[in-house]
Amino acid sequence: MKYYIIAGEASGDLHGANLIKALKREDVFAHFRCWGGALMEVEGGVLVKDYRNLDFMGFWEVLKCLPKILRNIRFCKGDIRAYRPDVVILIDYPGFNLRVANFVNKLSIKVFYYISPKVWAWKRSRVYRIEKTVDKMFVILPFEKDFYKRYGVDVEFVGHPILDAIHTKVTMSQEDFIRKHRLDERPIIALLPGSRRAEISYMFPLMWSMRKVFPAYQFVVAGVSSQPRAYYEALVGEEVCWVEAQTYDLLACSKAALVTSGTATLETALFGVPQVVCYKGGRISYEIARYLVRHIRFISLVNLIMDRDVVEELIQKSFTSKKLERALSRILDPEHRALLFSDYRGLSERLGGPGASQRIAQRMVTVLKSS
C-alpha cells in the first residue's frame, strides 16, 4: 500500500519514523511519501518537504508567513493528487493538516490522524472538522479518549510512542558522553530551550544565566540540528556548552533540567530527571493564546496527564531570574526530588506501556485491509 505522512516539526519526524518502521513490518509492500525530516527519510520515506521549512510559532509569526504556508498547502494537495496514496496519515500540525484532511476526504482517500491536535486546550471547534474529515483517530494521551467521547468522536488510545523512543535513542554511556563533549566532573543541568528560533530566543538567555547562580553545576544545552551553535552563542554573547541532536543522551546524564513546554517535558520526566517547565513567547501571541486557552489548568504534559501539580511551571511573566533560581534550587533538594521520582513512576504507568508504534501500525493496516 501507499502511505502519505505529514509531520510539521521535530517530534513529528521522530514519531513518523517509528511509525514507518512499524508499518514496514506489517505491510511488506509499503511505500512512503512524507513531509518530515531526516529520521523519516532514513526509514525509507521519500521526503517531499523538510519540517524546518514548515515550522512557524505563534499567531503573529504565522500571520507574517501566511503566503508561504498557503503555497505549501497548494503544493501538498497537488502532490497527494498525483501520488494517489491509499491513506494520508496526519501527525499533529493541525493548522496545516486539517486543511489537507478536508481536501483528501473529497478525493475518497482514507485519512488517519495520529497524535491529536491539542483541541482539548484551544480551538475546540476543530473537533467537528475532525469528525467530518478524518476516518480514524489514534490518540496517545489517556485523557484524550474521554475528551473526544464527549463530542461523539470514536477514537483509539494506543499509548505514547515516546516510551519506545527513549529506550532506543540513548547511544552512549555517561562516561563516554562526558569524554566526547569534554565535560568536567560537576553534575549536569540540561537546558532544553526548544527547537524553533523564536522560542529559543525567548527561553535560552535566561536559562543560560543560571550557570552563574549555580557554579557547582555545569549547564549543557540540548541543541537541535535545525539551529546552528552560533545562533545560541549570538543570543548570549559567549561560547556555550552545547550538544547537537543528543537530547536523550544528555538527559540520561543529567541531575536536573530547565525545559521549554512541549513534548520535551514528558521526555524529561520519563528519564527521571527533575525539571522546571518554562514558557515565554511574544506578547501579542501570548495574549491571544491566553484568551483562547481557558479550559486547562496546566501547560506541561506531565501535569496534564497526572491532572495535578507535579512539576513547576513558569509561564510568561513568571519566567523571571528570581523565580527560576528558586525553582531550580527546589528540584535540587533531595526531599523534593524523592517526591518527583514517585510521581514520575505513576506517569509512566498511565501512558499505556511500550509498543505504541507497533500497535498503531497493526491497527492501521487492519483498517485499510478491511475497507
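- Listed for the Lys149 side chain is no donor-acceptor partner under 3.5 Å among the backbone atoms of Glu144.
- With sequence neighbours excluded, the residues that form a salt bridge (Lys or Arg N to Asp or Glu O under 4.0 Å) with Glu239 are Arg229.
- Taking each heavy atom of Leu328 and Ala256 in turn, the nearest pair found is CD1-CB, 4.4 Å.
- Side chains of Thr133 and Val111 form no contact here, defined as non-hydrogen atoms less than 4.5 Å apart.
- A heavy-atom distance below 4.5 Å is found between the side chains of Leu351 and Pro142.
- Heavy atoms only, all atoms of each residue included: Ile360 and Ser357 are closest at CG2-O, 3.1 Å.
- Looking at Tyr231, its side chain does come within 3.5 Å of a backbone N or O of Arg197 through a donor-acceptor pair.
- Side-chain contact between Glu312 and Val277 is absent, with no heavy-atom pair separated by less than 4.5 Å.
- Remark: the backbone N or O of Val139 is not paired with any side-chain donor or acceptor of Ser116 at under 3.5 angstrom.
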Can you give the donor-acceptor pairs under 3.5 Å from side chains of residues 12-22 to other protein atoms, not counting sequence neighbours?
| residue | atom | partner | partner atom | Å |
| --- | --- | --- | --- | --- |
| Asp13 | OD1 | Gly37 | N | 3.0 |
| Asp13 | OD1 | Met40 | N | 3.1 |
| Asp13 | OD2 | Leu39 | N | 3.2 |

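- Aromatic pair Trp208/Tyr232: ring centres not closer than 6.0 Å.
- Ile189 CD1 to Ser254 OG: the interatomic distance, rounded to the nearest 0.5 Å, is 8.5 Å.
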Distance-only donor-acceptor pairs under 3.5 Å for side chains of residues 153-161, two or more places apart:
| residue | atom | partner | partner atom | Å |
| --- | --- | --- | --- | --- |
| Glu156 | OE1 | Arg363 | NE | 3.1 |
| Glu156 | OE2 | Lys136 | NZ | 3.2 |
| Glu156 | OE2 | Arg363 | NE | 3.1 |
| Glu156 | OE2 | Arg363 | NH2 | 2.8 |
| His160 | ND1 | Ile162 | N | 3.1 |

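- Residues Ser371 and Lys110 form a side-chain contact, since some pair of their non-hydrogen atoms from C-beta on lies under 4.5 Å apart.
- Taking 4.5 Å as the limit, every side-chain heavy atom of Val276 sits out of range of all side-chain heavy atoms of Val311.
- Checked by atom type and distance alone, the side chain of Glu313 pairs as donor or acceptor with a backbone atom of Ser300 at under 3.5 Å.
- Ile305 places a side-chain heavy atom less than 4.5 Å from the side chain of Leu347.
- Note on Ile166: it does not cluster hydrophobically with Val243, by side-chain heavy-atom contacts below 4.5 Å among ILVMFWY residues.
- In this structure, Lys2 is positioned above the aromatic face of Tyr83, its NZ or CZ under 6.0 Å from the six-membered ring centre and within 45° of the axis.
- Put simply, the side chain of Ile109 does not reach to within 4.5 Å of the side chain of Val87, judged on heavy atoms.
- The closest donor-acceptor contact from the side chain of Gln218 to the backbone of Asp184 lies under 3.5 Å.
- At a threshold of 4.5 Å between non-hydrogen side-chain atoms, the residues Val46 and Phe32 do not count as touching.
- Note on Arg179 versus Asp176: salt bridge recorded, some NZ/NE/NH1/NH2 to OD/OE distance being below 4.0 Å.
- Remark: Asp27 does not engage Lys369 in a salt bridge, criterion side-chain N to carboxylate O under 4.0 Å.
- A donor-acceptor pair under 3.5 Å is formed between the side chain of Asn97 and the backbone N or O of Asp92.
- In terms of hydrophobic clustering, with Ile, Leu, Val, Met, Phe, Trp and Tyr side chains grouped at heavy-atom distances under 4.5 Å, Tyr51 and Val42 are assigned to different clusters.
- Under a cut-off of 6.0 angstrom, the local environment of CD in Glu238 is crowded, with over 12 non-hydrogen atoms contributed by other residues, nucleotides or ligands.
- Remark: aromatic rings of Tyr279 and Phe319 are distant, center separation not under 6.0 Å.
- Note on ring orientation: taking the six-membered ring where Trp is involved, the planes of Phe271 and Tyr248 are tilted (angle from 30° to 60°).
- Close placement of the Phe96 and Tyr93 rings is indicated, their centers lying within 6.0 Å of each other.
- Listed here is the closest heavy atom pair of Leu340 and Pro274: CD1-CB, 3.6 Å.
- In summary, Glu9 and Arg196 engage in a salt bridge, as defined by a charged side-chain N under 4.0 Å from a carboxylate O.
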Inset, instruction - I would like to know whether Thr260 and Glu199 meet side chain to side chain donor-acceptor pair (under 3.5 Å); could you show each step before the answer? - result: CA-CA 8 Å; Thr260 295; Glu199 64 188 358; 5.6 Å; no
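- Scanning both residues, Leu324 and Met210, for their nearest heavy atoms gives CD2-CG, 3.7 Å.
- Each of Ile178 and Val221 belongs to its own hydrophobic cluster when Ile, Leu, Val, Met, Phe, Trp and Tyr are linked at side-chain heavy-atom distances under 4.5 angstrom.
- Residues Lys323 and Ser318 approach most closely at CD-O, 3.3 Å, considering heavy atoms.
- For Phe143 and Trp120, the ring centers sit closer than 6.0 Å to each other.
- Arg33 places no side-chain N or O within 3.5 Å of a backbone atom of Tyr4 that could act as its donor or acceptor partner.
- Between Tyr113 and Phe138, the distance separating the two ring centers is not shorter than 6.0 angstrom.
- Side chain of Asp249 to backbone of Met172: a donor-acceptor contact under 3.5 angstrom is found.
- Closest approach of Phe112 and Val367 over heavy atoms only: CZ-CG1, 3.8 Å.
- Using a 4.0 Å cut-off between a side-chain N of Lys or Arg and a carboxylate O of Asp or Glu, Arg297 and Asp307 qualify as a salt bridge.
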